[in-house]
Asks: 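Dropping a structure here in structure tokens format, bear with me for questions.
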Amino acid sequence: MKKNNFLEDLKKIQYSLRKKLILEDKINIDKIRYIAGCDLTFLNPFSNPCRGIGVILVFDFKTWKIVDKTYSIDIVNMPYIPGFLAFREAPLILSAYKKLKIKPDVLIVDGHGIAHPRKMGIASHIGATLEIPTIGCAKKLLYGKHEELPLEKGSYVPLYDEKTKEILGYVLRSRKKVTPIYISPGNYLTPLTALEIVKKSLKGYRLPEPTRLAHLYCNSIRKELLNKEKFGKLF
DNA sequence: GCGACAG
DNA sequence: ATCTTGTCGC
């Protein structure tokens with residue numbers, strides 16, 4: 001028996017899910033009404049199992065008012081393994097997504113889309129599973145090559161697969177001198193459309209508003225939960 | 001064989 | 001990804 005049969009099985013799931021990817025524009029950027037961002041936080045990230053909190057925030061793409069928000073808390077058994085992030089984090093996102101009363105036209109995920117060794121980053125994983133448009137927006141590079149990026153705000157260069165020469169996404173300098181963010185389509189979008197949507201979602205911070213606020217929402221729920229449990233211990 | 005490696 | 005304050009630079 002092979003030692004890493006476990007990861008081989010997970011790869012098979014990724015290859016299977018990849019068949020559901022459609023990297024074409026299934027939505028028109030001018031017709032987007034609701035856009036969402038999601039994120040996770042953990043209570044004890046270095047232990048497994050540990051508890052995780054997954055949130056989704058839905059915004060009106062025009063006014064940027066929050067129109068819906070949900071979260072889900074559960075035990076997470078899967079550890080973080082580069083290339084397999086979705087198996088650790090996607091379940092909580094999917095759970096939170098089910099609770100939404102208003103489903104977004106597109107979902108921005110904290111992580112990569114097709115900028116992944118098997119073109120199945122967490123954004124693609126979620127997009128393929130739910131069959132919805134998704135965008136991967138990561139803070140660090142996982143896979144792909146790109147040229148040097150100019151220092152000015154708004155500059156970007158393509159992120160490509162060195163093997164196939166195909167464009168996976170874009171590296172974007174979302175603010176003046178900050179380290180860039182990595183944008184790639186998850187599902188139902190082209191790399192260029194993913195870039196344009198993220199650019200339209202920037203509100204003066206390094207991260208696009210949906211992802212940025214989802215992260216803050218995560219932290220507030222986390223703090224609230226810790227307070228409750230501390231209070232419980234007093235009795 | 002070695003380095004790289006989202007959250 | 002968590003625990004943590006002030007502080008330096010643009």
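Treat the numbers as computed from the prediction; the structure is a model and nothing was measured. Letters go in sequence order (proteins before strands), and every chain restarts at 1.
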Asks: Check the surroundings of atom NZ in K101(A): do more than 12 heavy atoms from other residues, nucleotides or ligands lie under 6.0 Å from it?
Replies: no

Asks: Rounded to the nearest angstrom, tell me the gap between atom CG in L141(A) and atom C1' in dA4(B).
Replies: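 That distance rounds to 10 Å.
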
Asks: In this structure, which one of K140(A), K139(A), R206(A) forms a side-chain hydrogen bond (donor to acceptor under 3.5 Å, both in side chains) with T179(A)?
Replies: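 Answer to the side-chain hydrogen bond (donor to acceptor under 3.5 Å, both in side chains) test with T179(A) among K140(A), K139(A), R206(A): R206(A).
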
Asks: The side chain of F46(A) lies closest to which of these nucleotides: dT2(C), dG7(B), dA6(B)?
Replies: dT2(C)

Asks: What integer distance in Å separates F42(A):CZ from dC3(C):C1'?
Replies: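 Rounded to the whole Å, the gap is 16 Å.
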
Asks: Which residues in residues 144-169 of chain A have a heavy atom closer than 4.0 Å to any atom of DNA chain B?
Replies: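 Heavy-atom contacts with DNA chain B come from no residue of residues 144-169 of chain A; none.
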
Asks: Show your reasoning for whether side chain to side chain contact (heavy atoms under 4.5 Å, CB included) applies to F84(A) and K11(A).
Replies: CA-CA 8 Å; F84(A) 300 90; K11(A) 283 182 185 178; 3.9 Å; yes

Asks: Calculate the interatomic distance between K139(A) atom NZ and dA1(C) atom P; express it in whole Å.
Replies: 5 Å

Asks: Cluster question for you: counting only ILVMFWY and a side-chain heavy-atom cut-off of under 4.5 Å, with indirect links fine, are F61(A) and L192(A) together?
Replies: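 As far as the 4.5 Å side-chain criterion goes, L192(A) and F61(A) are connected within one cluster.
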
Asks: May I ask whether I197(A) and I126(A) are part of the same hydrophobic cluster, defined by side-chain heavy atoms of I, L, V, M, F, W, Y residues being less than 4.5 angstrom apart, directly or through others?
Replies: no

Asks: Just compare dG7(B), dA6(B), dA1(C) and give me whichever is closest to any side-chain atom of H112(A).
Replies: dA6(B)

Asks: With a 6.0 Å cut-off (strictly less than), is the heavy-atom count around NZ of K20(A), excluding the residue itself, greater than 12?
Replies: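 Yes, enclosed.
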
Asks: Go through the structure and list residues passing ring pair (Phe, Tyr, Trp, His ring centres under 6.0 Å) with Y170(A), not counting sequence neighbours.
Replies: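 Here the qualifying residues are Y156(A).
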
Asks: Nearest 0.5 angstrom please: I56(A) CD1 to Y217(A) OH, how far?
Replies: 11.0 Å

Asks: Rounded to whole angstrom units, what separation is found between the CG atom of L40(A) and the C1' atom of dG7(B)?
Replies: 8 Å

Asks: Check DNA chain B against residues 174-185 of chain A and give the residues with a non-hydrogen atom under 4.0 Å, in numerical order.
Replies: none

Asks: Any idea which heavy atoms bring R118(A) and Q14(A) closest together, and the distance?
Replies: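 It is NE-OE1, 2.6 Å.
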
Asks: When Watson-Crick pairs (N1 to N3 and N6-O4 or O6-N4) and G-U wobble pairs (N1-O2 and O6-N3) count only below 3.5 Å on both distances, what is the dot-bracket string of DNA chain B, with | for other-strand pairs?
Replies: .......

Asks: Contact list please: residues 72-86 of chain A against DNA chain B, heavy atoms, distance less than 4.0 Å, in numerical order.
Replies: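 The answer is Y80(A), P82(A), G83(A), F84(A), L85(A).
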
Asks: Is the charged tip of R212(A) near the ring of Y205(A): under 6.0 Å from the six-membered ring centre and within 45° of its axis?
Replies: yes

Asks: Quick one: does H116(A)'s side chain have a donor or acceptor within less than 3.5 Å of a partner on Y143(A)'s backbone?
Replies: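 Side chain of H116(A) to backbone of Y143(A): no pair is present.
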
Asks: Distance check needed: dC5(B) C1' versus R118(A) CZ, whole Å only.
Replies: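 Taking atom C1' of dC5(B) as the reference, CZ of R118(A) is at 12 Å.
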
Asks: Mind running a 4.0 Å heavy-atom check of residues 119-130 of chain A against DNA chain B and sending the residues that fall below it, in number order?
Replies: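 Those residues whose heavy atoms fall under 4.0 Å from DNA chain B, taken from residues 119-130 of chain A in numerical order, are G121(A), I122(A).
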
Asks: Can you tell me the distance, in whole Å, between the CZ atom of R51(A) and the C1' atom of dA1(C)?
Replies: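 Distance, rounded to whole Å: 15 Å.
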
Asks: Could you give the CZ-to-P distance, from R88(A) to dC5(B), as a whole number of Å?
Replies: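 Distance, rounded to whole Å: 19 Å.
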
Asks: With no hydrogens and no angle check, do the side chains of T193(A) and D25(A) hold a donor and an acceptor under 3.5 Å apart?
Replies: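 There is such a pair between these side chains.
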
Asks: Using the side-chain contact (heavy atoms from CB on, under 4.5 Å) criterion, which residues pair with F59(A)? Sequence neighbours excluded.
Replies: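 F59(A) satisfies side-chain contact (heavy atoms from CB on, under 4.5 Å) with I35(A), L57(A), W64(A), I66(A), P210(A), L213(A) only.
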
Asks: Under 4.0 Å, heavy atoms only, any strand: does N44(A) hit a base, just the sugar-phosphate, or nothing?
Replies: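 Nothing, no heavy atom under 4.0 Å.
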
Asks: Taking only residues two or more places apart in sequence, or in another chain, which ones meet T129(A) in a side-chain contact (heavy atoms from CB on, under 4.5 Å)?
Replies: L17(A), L94(A), H125(A)

Asks: With the threshold set at under 4.0 Å for non-hydrogen atoms, list the residues of residues 190-222 of chain A touching DNA chain C in residue-number order.
Replies: H215(A), R222(A)

Asks: Could you go through the side chain to side chain contact (heavy atoms under 4.5 Å, CB included) check for T190(A) and L23(A) one step at a time?
Replies: CA-CA 5 Å; T190(A) 61; L23(A) 300 177; over 6 Å; no

Asks: Is K119(A) salt-bridged to E166(A), going by a charged N under 4.0 Å from an acidic O?
Replies: yes

Asks: Give a yes or no on this: more than 12 heavy atoms of other residues, nucleotides or ligands lie within 6.0 Å of atom NZ of K203(A).
Replies: yes

Asks: So, are R173(A) and E152(A) salt-bridged, with charged N and O less than 4.0 Å apart?
Replies: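 No.
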
Asks: Near DNA chain B, under 4.0 Å by heavy atom, which residues of residues 14-25 of chain A?
Replies: none

Asks: Counting neighbours of NZ on K176(A) that are heavy atoms of other residues, nucleotides or ligands and sit closer than 6.0 Å, is the number greater than 12?
Replies: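 Count not over threshold, so no.
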
Asks: Give me, pair by pair, the N or O atoms of the protein and of nucleotides 5-9 of chain C that are less than 3.5 Å apart, along with how far apart they are.
Replies:
none

Asks: Does K98(A), at its NZ atom, have more than 12 non-hydrogen atoms belonging to other residues, nucleotides or ligands within less than 6.0 Å?
Replies: no

Asks: Taking only residues two or more places apart in sequence or in another chain, which ones pass side-chain contact (heavy atoms from CB on, under 4.5 Å) with K26(A)?
Replies: Y188(A)

